[in-house]
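In what follows, a single structure is set out as structure tokens and then discussed.
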Amino acid sequence: MLVKNLERGLILKLPSDRSRRASGIHMFFMRIPLDIVFADSEKKVVDTVILDPWTTYTPVAPARYVIELEKGKLAESKTEIGDELDFTCESA
């Protein structure tokens, strides 16, 4: 929140029992628009969206991962619903 740019994508890992509605996100206090990818536990894309600051969004299907990217990365990568992703979540 409150960042002016996003140099690197961020991955939020949600609890496995989240419903579609509980997989939603908000952009409160964000200064920049973001591309958002929602993926299931198999890392398969279930929804994508471009969000502006101060908006909310609920994906069309439950998500295990929410990936925040710089606006334009979705179009650049041609990521679509149904794509299988390959990434690793780092533990803090």
Side-chain angles (χ1 to χ4, degrees):
M1 293 190 300
L2 302 175
V3 297
K4 293 183 182 178
N5 63 17
L6 186 64
E7 295 178 17
R8 201 173 125 171
L10 301 171
I11 300 172
L12 174 63
K13 187 175 181 180
L14 303 175
S16 60
D17 59 350
R18 290 259 178 129
S19 66
R20 178 186 74 86
R21 193 163 168 82
S23 299
I25 64 167
H26 69 80
M27 295 282 288
F28 303 151
F29 305 103
M30 293 298 296
R31 294 178 150 186
I32 57 173
L34 296 174
D35 287 351
I36 307 293
V37 178
F38 295 90
D40 64 15
S41 59
E42 303 297 318
K43 299 180 182 173
K44 186 174 182 180
V45 177
V46 296
D47 201 359
T48 63
V49 67
I50 301 167
L51 291 179
D52 290 321
W54 295 99
T55 58
T56 62
Y57 187 78
T58 302
V60 298
R64 175 76 163 137
Y65 302 97
V66 178
I67 305 166
E68 300 177 351
L69 303 165
E70 178 182 9
K71 185 177 178 182
K73 293 294 182 183
L74 276 175
E76 184 181 307
S77 66
K78 299 180 181 167
T79 300
E80 298 178 339
I81 294 174
D83 287 352
E84 293 181 17
L85 305 176
D86 183 16
F87 60 85
T88 302
C89 288
E90 298 173 5
S91 298

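The analysis underlying the following values was restricted to heavy atoms, covering all of them including side chains, and did not include hydrogens, waters or symmetry mates.
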With side chains defined as the heavy atoms from C-beta onward, is the minimum distance between P53 and R31 less than 4.5 Å? no
Linked, directly or transitively: V60 and V37 (ILVMFWY side chains, under 4.5 Å): no
What distance do I25 atom CD1 and L34 atom CG have between them, rounded to the nearest 0.5 Å? 7.5 Å
Are W54 and M27 close enough that some pair of their side-chain heavy atoms sits under 4.5 Å apart? no
May I ask you to decide if P59's main-chain N or O and R20's side chain share a donor-acceptor pair within less than 3.5 Å? yes
How about I11 and I67: do any of their side-chain heavy atoms sit closer than 4.5 Å? yes
dist S19:OG -> L14:CG (nearest 0.5 Å) comes out at 10.5 Å
Please confirm whether the backbone N or O of F38 pairs with a side-chain atom of D47, one donor and one acceptor, at under 3.5 Å? no
When you group the ILVMFWY residues by side-chain heavy-atom contacts below 4.5 Å and let the links chain together, are F87 and L10 in the same group? no
Distance (rounded to the nearest 0.5 Å) between Y57 OH and I50 CD1: 11.0 Å
Side-chain touch P62/R18, heavy atoms, less than 4.5 angstrom: no
One should read off an interatomic distance between Y65 OH and K44 NZ, to the nearest 0.5 angstrom, of 15.5 Å
For residues 68-85, which side-chain N or O atoms pair as donor and acceptor with protein atoms under 3.5 Å away, sequence neighbours left out?
from: S77; atom 1: OG; to: K73; atom 2: O; distance (Å): 2.9
from: S77; atom 1: OG; to: L74; atom 2: O; distance (Å): 3.3
from: S77; atom 1: OG; to: T79; atom 2: N; distance (Å): 3.4
from: S77; atom 1: OG; to: T79; atom 2: OG1; distance (Å): 2.6
from: D83; atom 1: OD2; to: E80; atom 2: N; distance (Å): 2.8

CE (M30) and OG1 (T55) are apart, to the nearest 0.5 Å, by 10.0 Å
